[in-house]
Amino acid sequence: MQPTELIIALQNKNQAALKRIYDMYSANVYGIVFNILKDETLSEEVVQDVFVKIWNNSSSYSEKKGRFFTWILNIARNAAIDKTRSKNFKNSSQNLTVDYFVDILEDKTNFSSKIDSIGIKKYIETLEPLCKKVIDLLFFKGFTQKETSEELDIPLGTVKTRNRICIDKLKQVLEI
Amino acid sequence: MDIKAYIASGILELYVYGSLSEKENAEVYQVLQKYPEAIAEVERIEQSLQQLSGALAPEQSDHLFSKIESKISLENSTVIPIGQKRNNWTTYIGWAASVALLIGLFSQVNKNRVLRDKIVKNQIEQQLLEGKINVAEEDLSNTKAILSVLRNKDILQVPLQPQQVDPNAYAAVYWDKENEKAYIDVAGLPTPPPGKVYQVWSLKLNPLTPTSLGTLDTFTENDTKIFSLANPNDSEAFGITLEPEGGSASPTLEMLYTLGTVTS
């Protein structure tokens with residue numbers, strides 16, 4: 001849902017609105033950031049930065065430009081990618097073993113109560129390898145269709161439809 | 001538009017990802033305004049992506065939001081003083097500028113006043129000088145007139161000799177008979193005491209008959225000490241007496257200062 005009232009309150013610098021937006025989106029931000037950085041301490045720093053940016057730049061959001069979720073997603077990705085250029089990240093990233101979000105989810109046992117953990121687990125078990133890659137690049141990393149098609153060496157027209165199939169499955173499993 | 005085909009194309013997923021161009025975004029937004037089923041699909045995609053990304057998040061430390069809050073209030077509390085400082089800066093500059101402007105204006109006004117004063121002074125001086133020039137020109141024309149009289153061969157020159165009252169006193173009469181004018185030069189007479197005035201007489205000797213030519217009321221003021229008086233008489237002598245102000249009907253002979261006869 002697009003939290004229109006909350007967005008307006010946020011744009012009016014209502015701190016309670018920020019708290020509710022935090023409750024709604026902090027896990028998403030953290031998930032996106034963690035998938036890029038794969039380091040909890042660094043990710044928590046970035047999550048803080050992301051919500052400070054959401055607070056400071058709320059006036060730049062307009063519904064005409066896209067979904068509020070998408071706006072937050074962009075801030076989160078950019079902040080995390082910025083962090084990958086930092087010294088701290090380069091030091092910590094030497095031990096990285098996981099490549100995709102799927103690897104994180106496979107190892108994970110503790111989920112927030114908001115998450116349909118059974119559905120998610122079921123989803124990644126049955127997910128095609130190409131779907132894993134497409135979702136990782138397009139959704140988590142913010143690649144464009146063209147960049148994705150080049151990275152995965154698949155036709156440009158296929159990216160969009162393939163992705164559609166991958167997300168359809170997610171909706172089915174989660175019964176959304 | 002076939003909205004089902006549109007949804008099936010997979011564009012809405014990319015819309016939620018944020019991987020469309022600005023132009024494509026605007027087009028999708030237009031479609032969403034028209035088709036509720038498209039919005040519903042966007043909501044579903046968003047919800048499933050929230051589940052997926054949320055599932056990735058490690059367990060959050062409880063104090064994470066309070067850290068954000070303190071950062072915000074820190075930024076707010078640091079932002080405000082910086083803003084105030086900047087305001088102060090601009091205020092200072094503003095005040096300084098206005099003060100400078102005021103000083104400038106004041107000095108200009110002051111300069112202006114000084115210049116006006118100067119102009120007024122100069123005007124007064126100019127008027128004085130003009131007056132002086134007028135006086136000088138007048139003097140000059142008078143002197144020229146006198147000079148022309150003195151040089152005129154047709155004029156009778158009658159020196160008036162000192163009398164008992166004042167042995168140093170002397171005067172002269174230049175008589176232009178033709179024009180019936182007598183020029184009285186009294187440069188050799190002392191300044192009359194207050195309340196007294198010199199009176200000039202034309203005299204007939206046989207019998208002695210004095211006729212007044214007039215009083216020299218402006219004796220002190222007249223620098224040339226030459227007075228022009230009408231003299232239509234057939235004068236045989238001229239005399240000057242000191243008389244009470246306003247003159248007398250007949251000369252007070254005790255106060256006869258100078259006397260001279262016409263020798264023609």
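Order of the sequence lines sets the chain letters (A, B, ...), proteins ahead of strands, with each chain counted from 1.
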Steps toward salt bridge (Lys or Arg N to Asp or Glu O under 4.0 Å) verdict (B/Glu41, A/Arg164): CA-CA 12 Å; B/Glu41 180 65 11; A/Arg164 164 86 183 159; 2.7 Å; yes

CA sep, side-chain torsions, deciding dist, call: B/Leu56, A/Tyr30, side chain to side chain contact (heavy atoms under 4.5 Å, CB included): CA-CA 8 Å; B/Leu56 276 168; A/Tyr30 202 173; over 6 Å; no

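Ion pairing between a basic and an acidic side chain is recognised when a charged N comes within 4.0 Å of a carboxylate O; B/Glu43 and A/Arg67 show such pairing. For the pair A/Lys64 and B/Glu27, the salt-bridge criterion is not met [side-chain N within less than 4.0 Å of a carboxylate O].
Within 6.0 Å of CD in B/Glu59 there are 12 or fewer heavy atoms belonging to other residues, nucleotides or ligands. Counted within 6.0 Å of CD on B/Glu245, heavy atoms from surrounding residues, nucleotides or ligands total 12 or fewer; the atom is thus considered open. Few gaps surround NZ on A/Lys83; more than 12 heavy atoms of other groups in view lie less than 6.0 Å from it. In this structure, B/Lys181 places its NZ atom where only 12 or fewer heavy-atom neighbours from other residues, nucleotides or ligands lie under 6.0 Å away.
For A/Ile176, the parts sitting under 4.5 Å from any heavy atom of chain B are the backbone and the side chain alike. At a 4.5 Å heavy-atom cutoff, the contact between A/Phe139 and chain B is made by backbone and side-chain atoms alike. Proximity to chain B involves both the backbone and the side chain of A/Gln48, based on heavy atoms less than 4.5 angstrom apart. Of the atoms belonging to A/Lys19, heavy atoms from both backbone and side chain fall under 4.5 Å from chain B. For A/Ile165, no part sits under 4.5 Å from any heavy atom of chain B, backbone or side chain. Using a 4.5 Å cut-off between heavy atoms, A/Arg162 does not touch chain B at all. Using a 4.5 Å cut-off between heavy atoms, A/Leu138 touches chain B through backbone and side chain atoms alike. If you measure heavy-atom distances from A/Lys121 to chain B, you find no contacts under 4.5 Å at all. For A/Ser117, no part sits under 4.5 Å from any heavy atom of chain B, backbone or side chain. Looking at A/Glu147, there are no atoms closer than 4.5 Å to chain B (heavy atoms on both sides), in backbone or side chain. The part of B/Tyr29 that comes within reach of chain A is its side chain, from C-beta onward, which places non-hydrogen atoms under 4.5 angstrom from that chain. In this structure, chain B has no heavy atom under 4.5 Å from any part of A/Ser43.
Once rounded to the nearest 0.5 Å, the distance linking CD of B/Gln51 with CD1 of A/Ile115 reads 4.5 Å.
Contact residues of residues 3-22 of chain B toward chain A are B/Ile7, B/Ala8, B/Ser9, B/Gly10, B/Ile11, B/Glu13, B/Leu14, B/Tyr15, B/Val16, B/Tyr17, B/Gly18, B/Ser19, B/Leu20 (heavy-atom distance under 4.5 Å).
Among B/Leu52, B/Val42, B/Asn25, B/Ile45, the residue making the largest number of heavy-atom pairs under 4.5 Å with chain A is B/Leu52. For chain B, the option among A/Asp168, A/Leu73, A/Leu170 with the highest count of heavy-atom pairs below 4.5 Å is A/Leu170. Between chain A and the residues B/Gln47, B/Gln60, B/Arg44, the largest count of heavy-atom pairs under 4.5 Å involves B/Gln60. Counting heavy-atom pairs under 4.5 Å between each of A/Glu44, A/Glu40, A/Glu63 and chain B puts A/Glu44 at the top. Most heavy-atom pairs under 4.5 Å with chain B, from the set A/Phe143, A/Phe51, A/Phe34, A/Phe69: that is A/Phe69. With chain B as partner, the option from A/Leu174, A/Leu18, A/Thr161, A/Asn74 having the largest number of non-hydrogen pairs under 4.5 angstrom is A/Leu18. The residue among A/Asp116, A/Ile32, A/Thr144, A/Val159 with the most heavy atom pairs within less than 4.5 Å of chain B is A/Asp116.
Side-chain atoms of A/Tyr22 and B/Leu64, non-hydrogen and from C-beta on, do get closer than 4.5 Å to each other.
Scanning both residues, A/Ala27 and B/Ala57, for their nearest heavy atoms gives O-CB, 3.3 Å. Across B/Ser53 and A/Asn28, no two heavy atoms sit closer than the pair OG-ND2, 3.1 Å. Nearest heavy atom pair, residue B/Lys71 against residue A/Asp49, reads NZ-OD1, 3.3 Å.
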Can you list, pair by pair, the side-chain donor-acceptor contacts under 3.5 Å of residues 1-11 of chain A, counting residues two or more places apart and other chains?
from	atom 1	to	atom 2	distance (Å)
A/Gln2	OE1	A/Phe68	N	3.1
A/Gln2	NE2	A/Tyr61	OH	2.6
A/Thr4	OG1	A/Gln2	O	3.4
A/Gln11	NE2	A/Ser58	O	2.9
A/Gln11	NE2	A/Tyr61	O	3.1

